[in-house]
Structures are given as C-alpha cells and as structure tokens.
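We name chains A, B, ... by the order of the sequence lines, and we start the count at 1 in each one.
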Amino acid sequence: MNETSTKYNPQKTENKWYQYWLDNKFFKSTPDKRKPYTIVIPPPNVTGVLHMGHIMNNTIQDILIRRARMQGKNACWVPGTDHASIATEAKVVNKLAEEGIDKNSISRDEFMNHAWDWTDKHGGIILEQLKKIGASCDWDRTKFTLDNDLYESVIKVFIDLFNKGLIYRGVRMVNWDSKAKTAVSDEEVEYKDEQSKLYYVKYKIVDSNDYITIATTRPETILGDSAVCVHPKDERYFKFHGKKAIIPLIDREVPIITDDYIDIEFGTGALKVTPAHDENDYKLGEKHNLLSFNIFNDDGTMSKDAILYENKDRFEVRKLIITDLEKAGNIVKIEDYTNRVGYSQRTQVPIEPKLSMQWFLKMEELVKPAIEHVNNNDINFSPKRFVNTYNHWMENIRDWNISRQLWWGHRIPAYYLPNSNEFVIAENIEKALILAIEKTGNKNLKIEDLKQDEDVLDTWFSSWLWPISVFDGIRYPENEDIKYYYPTNVLATGHDIIFFWVARMIIAGYEFRKELPFKDVYFTGMVRDEQRRKMSKQLGNSPDPLKLTDKFGADGVRFGMMLCSPAGGDLLYNESLPEQGRNFSNKIWNAFRLTQSWEVDKTIEQPEHAKVALDWFNEKFNEQITSLNGLYDTFKLSEALMLVYKLFRDEFSSWLLEIVKPDYQKPTDAKTYNQVKAYFDKLLRILHPFMPFITEEIWQQLEERKDGESIMISKMPVSQSYNTKMINTFDLAKDIITQIRNIRKEKNISYKNKLNLLYKDANNSYDKSFETVILRLSGIDKISETKEKVDGASHFVVKKTEFFVPLGDLIDKDDEIKKLTEELKYATGFLNSVMKKLGNERFVNNAPAQVIEKENIKKADAEAKIKALGEQIKTLKQ
RNA sequence: GAGCCUUUAGCUCAGUUGGUUUAGAGCACUUGCUUGACAGGCAAGGGGUCGGCGGUUCAAAUCCGCCAAGGCUCACCA
C-alpha cells in the first residue's frame, strides 16, 4: 500500500524545499519585539568557490541560526563577500596577462573596469553554492565589502582614526611582495624552514693585504652593503677597528663598525650590513649613520643602484654572483644551512624586506579594551585555549601597515597638495579642496591640483568593520538595524584568522561602538584528509562539495561534517562520513515509511506494552532534551548531533518502534499511532537544524500542512522535568531482554519458540512496570514468580533479582557452569575492589558520607549477586 | 629560542569542581539472525596497565613535578 521508495531521495526534495523557504521569506529578518539572534558570515572571497572548510563553517552557523529561529528568536544571518584585494587583483592581472594585456600599460580606471567585470562574472558563485547546503541566510541583506555603503564606512573610519592621531605615514622597513608588487602586513608573511647555503665571502681591507670574512645566506645583497660589523669585544677583529673594507666586484669602500648586536659565535663573527634589505641591518644603519643602497626593483629584479646585473632576477643573481665571486677569489667556503624564509601568504613568493613609504595604524592604545573584554569573559572563546594565542599577539602588537600598492580596494583618502608631500584627509576630493585651501591659504587651488594617494587599504581594514558595517552602523550609528542586531551573538570562524580578523573586529567593536562585536566565538579547525594533510588543490585531496551533496544529499554531507568536528579540533575527512549521513537519512526515511504503513483501527484499545513504552519514551525524550540544550550552550555541536542520532536510532527506532509496531498485517490503535507521530514530529524538530531538508520533507507528509507552514518556523521542544526512576527501571528491563536474547543466541533458539521467564526476588526489588515490554521483545510467553531455584534453566541476575529461563534438555550444565563462573569471577573481583576501599580506615573516616553510602550499595548488590551465582553453580553441580 | 596545546580502544574523540559499577561513544572489526520499515537492518562480541616515571590524597584518566613524542603560535641570529 505504501509506494514510497525504500531509499530517501535528496535530489527530489532539496531544491524544492529551499525554494519554498525562499518563497515564504522564512530567512528574512527585520527588527521587531522578539529577541534578536544575529550571526554575520565570515565573508568568503568574492570570486572564490566553495570548499570543505566553508561547508563545515557554514553548516555550524546554519545549525545555530535555525535552532535560534525555532526557539522563537528573531534570527538573522547576514551573508556577503569580501573583495580580497590582493587575491582578486592577482586573478585579474593573470587573466589580463593571458589576454596579452600588461597591468602597467592600462590606466587605473581601465583596470578597475576589468576587475568589476571579473567580479560580476565570478562574484557570488560561492553564495549560490551555500544555498545548496541549506544555508538560511537573509539573502536580502547580502553585502560586499566594496559596496558603496561599506566603502564609505571604511573611508569614514580612516578619517576618524587619522583625526585621532592614530594613522601616520612614513618610510619603514616593510614586507615586500615582489610578485603582487605591494607591501603586506606582518601577519601575511608565512615562514618556512628552507635548505639553503651559508656563503663565506672575504672582503679585502683597505691599504692592507688582509681580509675579513663574512658569512651570508644572501650573497646578492653584497651589492647593497654599506658596512661590515663585528662585536666590539671580539679579539679576532681588534686589528680592523676603524679600518675600511672593500666590497668585492664593485670595489666600494665601507667602514668596519662595531656593535654588540653581533653574535660572536655565528659564522665568522663578522656581519655584512645591508640597511635597505634587512630589518636588523636597517637598525644598524640608522644607529651608525650608514648609507643605504636600494638594490632591488619592485618586481624583485636588480636596480640600477646594484651597479651589476641590472634587471636580472634576485635568485638568478644569487647564482651569478657566486660564480663571479669565485672567479675573483672571494669565496672562502660554502656550507649547507637551514634557515627560515618568509613567504607571501597570497602569492607564495619570498618576501623581500624593503624600505618604503607606507601608512600605519598605531595599535598600542586600540588593543587595550579588546584584551580586557576577552580576558574577563565578556567575549567567550570556544575552545578557551585560544585566549592564550590571542593574548600573546595582542600584548606584542606592532603597528599595522594598512596600505597596499594595489588598485582593487578602498583607496586611501589622502590628497596631496601640488608638488608636495603635504596632504589633507577627506572623504572626497571636494571636501579635500576645502581643507587644502584652508591649509595653504591659497584660494586659487583647484580640484585638478590635488592628487589622491595611489594606494588602497589592506582588505582586513574593511573586514574588521564587518559586524558593524553590514548594518550600516558606521555611517548611521543610531539606525534601527544596528541598534537591534548589534552586538551579534556568535562568530564561527577558523582559528587561522584569529589575528587577521577576529582580534581586529573586537578592536573595532570597542573603538567604534564602545561595545563587543559578538558574545561568543566558535573556532573551527581545519578540514584535513585522513593523513592529516591540509586539503589543497595541488594534492588533489579536496573533494568537490557539490558532487558530494549530489551523491549523499546536503543533509548527509552536513551530518558527516558535524559528526566529528570538535570545536577547535581538526576534522579528518573521509567519504565514510557523508556516507554515514546518507545511511542515517535512509534510517529516518524508513522509520517514517513504517509509521505510514500502519493501518489504524479506532475500535481497538491501546495495548499495555505500547502505553508503558510511550510513557517511558516521554521521560527519555525530556531527559535527552535537557542534555541537548547543555551541549548547545557549550557549543559541543558534534556531541549534540550524536545525542540526537542515538536518540532517534537507538531509543526511538530500535526500542520504541520495535515495541509498539503492530504484528504483521494487523492494525494499530489510534492512540499509539498518534503518540508515535507526535514524537516523530518532535524528533524531526530537534534534527532539523542539522538536517534541514529531510526533516522538512517528512514533516510536511506527517500531517496535512497548510501552505506557508514549515518545520523551520515550528517550535523547538523545550526542556522539561523527567522521571529518572522510570528511565532507570526501563534500563533494567532492557538488561533483562538483552540477557534473554543472549540465551537465545547461545542456545540457538528461534523467536518462534516461546520461552518462560521466572524470577526469584528475595529483596522485593523487582519492578514489574515493563513486563509487557519484556514479553514482547524477548519472545516470552509468561513471566511468573518463583520462591525456589529452578532446575534445568538458564540463570542470570539483574540488580538483585534472579531470573530463570527453563530450557529443559537444551541446558548444557557444563556450559552453564562455565558461564556463571565467569560472571562470579567478575563480581568477586568487583566486590574486592569495593571492599578494599571500605576496609581502608582512612577512607571510611575521611570520605564524605554519600560516597561511602554509594560504596555500601555497590557492596550489597555485589554480595547479592555473588550469593545467587554461587548457589546456582552449586545446584548445577549436584 | 620563547610560549601554548595535545597524548584515553585499530581510527576520531567524550570523560564536567578528583569519588554513579575494576574507563565510555561513533566508526571499523568478528559472530549470529533477518521473505514484513531500512542495498541494509537487528542482536551480540572482542579490543584500552587512560604516553612514561615520581609525587599529593582516604581516593588520580582527572591535581602537581620531571621526561618522551606530536602539533600550533610567536620571534631580528646573518
């Protein structure tokens, strides 16, 4: 009669329900009287595509937001994308290069047109992909960091910070990315250990035949040397104090200076000093007033100032100069050496320390409230340990280089006066002109005379405002949205961007709204493969998430991702995870098919076994809801899912449904049917945040639903008190059933052969509440009391009650004795461990009374069991 | 070099302020059952001296110290 497929088919339902949710505007949120629950998405790169990390991260957010919505809160999940200046610009530059267009040959405006074309073409694909996994974002609120309102917010913030004296411009040693041709922040540099060489090179001493030997890993920078430095106390070099050395190949005379920065033990104890291309050398240069030779061009080739090898790449030059130095007789030796080389996080080329003019944000004062409010738990990190990492960075914070030599981004609102380094800061050129006239007193200045700074701001300089700017709280601090939705409730993001983003959002929150940006931060781990390798395109170990959803269903994939992603821990992905999710979908589906197949006969009474089982399930359900809420509160989402999984699969399907399902081709009573349906409904609701599609599909079929009804706006079951005693009693019944099943298995007795069960209850502790359940699930005909031991019966003890299953000839005495002896051995061992405690005088004198009481109960139970087992063995042996 | 974290069954992890059976779950594995919801399901089973050593305590997977292995973050040794 039921033609529903035995397998759940996600393809048939997922798009349908997503569209239904959209059509009914269930994701939409506007301020009202309810409590808000707000999440802002960590904006993915606008031209990015969905990867496994996004699935995990956004599934977490969707779970939290769907639950909040069902709890009656006004849930608002704001989606959006990030312009990702350096990454996107690199993609556009590459694309232009493929078309034979050099970025340097076109104007800024032309480039921006290309970049916008690219963005329009590829942008937002990732948001469409998020819909496939069920993300319930309020799409009407979708933001992009280069939208006008967000752009203006960034500029406004820049001006504000400048006027507070926190932004300055200056020449500093910065991390130069010679591929993207821009400076990057300290955080954007990744250090890698690298096998390289340590070159020992001798420099001739002026007016002498003597040489001084230095050691360097970067011989190409010899051309930029302006001194040789030794430790003032290094006796080997006393003779060179005050002398000059000659740079090989270019014959430049440089002073030999002394400074206790030098490590006497390292290399030869003599250091070549290249102030323009090394942070420490730069400091030495400033201290000792050395010349600075900038020997590199912006693209990493040698500049005119290098004198030799002009326009050749720095790494090619490294080889060339070694050959030339060898020819000139200056190489003393070359050793293998492991050192750390900084790479640009975005372009993966080695970073070149370089002196350049940049804009910086002073951080020292800004971080103070951000440190305070994380450490006093106003903002709560899950897991807690990330507070350490956070503190370490915040307490050693350095000024933030916020300028980038790129075009794709928010252009720095500094306008230079004609032929001058003097500038004014203003939100647009018209206002800049007014300020410029004020500043110079020159009323003839025109807009054309002003020149805007060419640089754009670091991408993170816009992202750090995200929780505020998506609600337009920078431009309009008193608007209804920002007042209602801010602070947001929870941020779910990877711990790899704790400094880039999380810390800076907290700083911005306190600076611009005097308030935290979010109450909780849930740090996710990385998605890795089974060998703990990061997912990457090169390794080819990253599955295509959309293919996975095709294969296993979005619910299956979500289930797989969540089942073992502990907060902050890495997820070791393999395909068995979504497979388990798909299998569970089938399980739910088939439980539904089962209930659908029941025919209801309104004339029959509810049988006793169904009544007590449903009573028990009510208590069990409430107990589990209470635990579930606790897990949510502590962000233990994997455990929360596991709890729901077990509740559905074990308690509901394997126990409850097995008990209440009618006999083959028999009808069921109306009361049982309705109660089961009601619990099914409740279970679907608690499952919904994890598996939104299948729960909607079944929920819609479970009852007649009106158009516009949906599980996603139904009420989440709330925690209620529950009867622990009933739950425990049922557990004892489960024990008895398991024991009988074991006997059947051992003796190979089919369920078709009915058995009898007798119990001997000397302590009056046997609870009969679930007898009808025992009868039903263990194929027992009759349960009766006995005062005496029963011959020819299999025997077991649950709690303090002895049970006998008469088996007649099937009993093998030796087997039975062996089994009981094993049990006796365990019980005796257990009793011994209890007695050891109770026999310890100091334990009895010092331990709390309730602990001792528990031990006494254990002792009594064990003794009763041992006595019963012993007697039974004795009987058998007669 | 500094700091932080981790170490519990084959794998991934729980284990709440030390005391609810001489340690738990999921997956994997083994066995049995299954023509009446479930290309699977059900039932059961095996598997751990809680990284090592020492200490505190009546009581330690849990607290402290040392050691070992692994990981993360930060840092200017050419």
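- Comparing B:rA39, B:rC76, B:rG26 against the side chain of A:Arg649 picks out B:rG26 as the nearest.
- Between A:Asp650 atom CG and B:rG41 atom C1' there is a gap of 13 Å when expressed in whole angstrom units.
- Pair assignment for B:rG32: B:rC42, on the basis of Watson-Crick or G-U wobble contacts that are both within less than 3.5 Å.
- When only modelled atom types and interatomic distance are considered, A:Ser185 and A:Glu188 share a side-chain donor-acceptor pair under 3.5 Å.
- Ion pair A:Lys858/A:Glu855 flagged as a salt bridge, since at least one NZ, NE, NH1 or NH2 atom sits closer than 4.0 Å to an Asp/Glu carboxylate oxygen.
- With 3.5 Å as the limit, one finds no donor-acceptor pair spanning the side chains of A:Lys384 and A:Asn388.
- Aromatic ring centroids of A:Phe648 and A:Phe680 lie under 6.0 Å apart.
- Nucleotide B:rU6 is matched to B:rA69 when pairs are restricted to Watson-Crick or G-U wobble geometry with both distances under 3.5 angstrom.
- Between A:Leu577 atom CG and B:rA28 atom P there is a gap of 11 Å when expressed in whole angstrom units.
- Atom pair A:Leu563:CG and B:rA28:C1' shows a separation of 14 Å (rounding to whole Å applied).
- Atom NZ in A:Lys745 sits about 15 Å away from atom P in B:rC42, given to the nearest Å.
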Between protein and nucleotides 55-61 of chain B, what N or O pairs are separated by less than 3.5 Å?
{"residue": "B:rC58", "atom": "O2'", "partner": "A:Asn840", "partner atom": "ND2", "Å": "2.9"}

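- Between B:rG26, B:rA37, B:rG19, one nucleotide has an atom nearer to the side chain of A:Leu594 than all others, and that is B:rA37.
- Here, B:rA2 and B:rC64 have their C1' atoms 23 Å apart, quoted to the whole Å.
- Taking 3.5 Å as the limit, the base of B:rA37 and the side chain of A:Glu658 contain a donor-acceptor pair of atoms between them.
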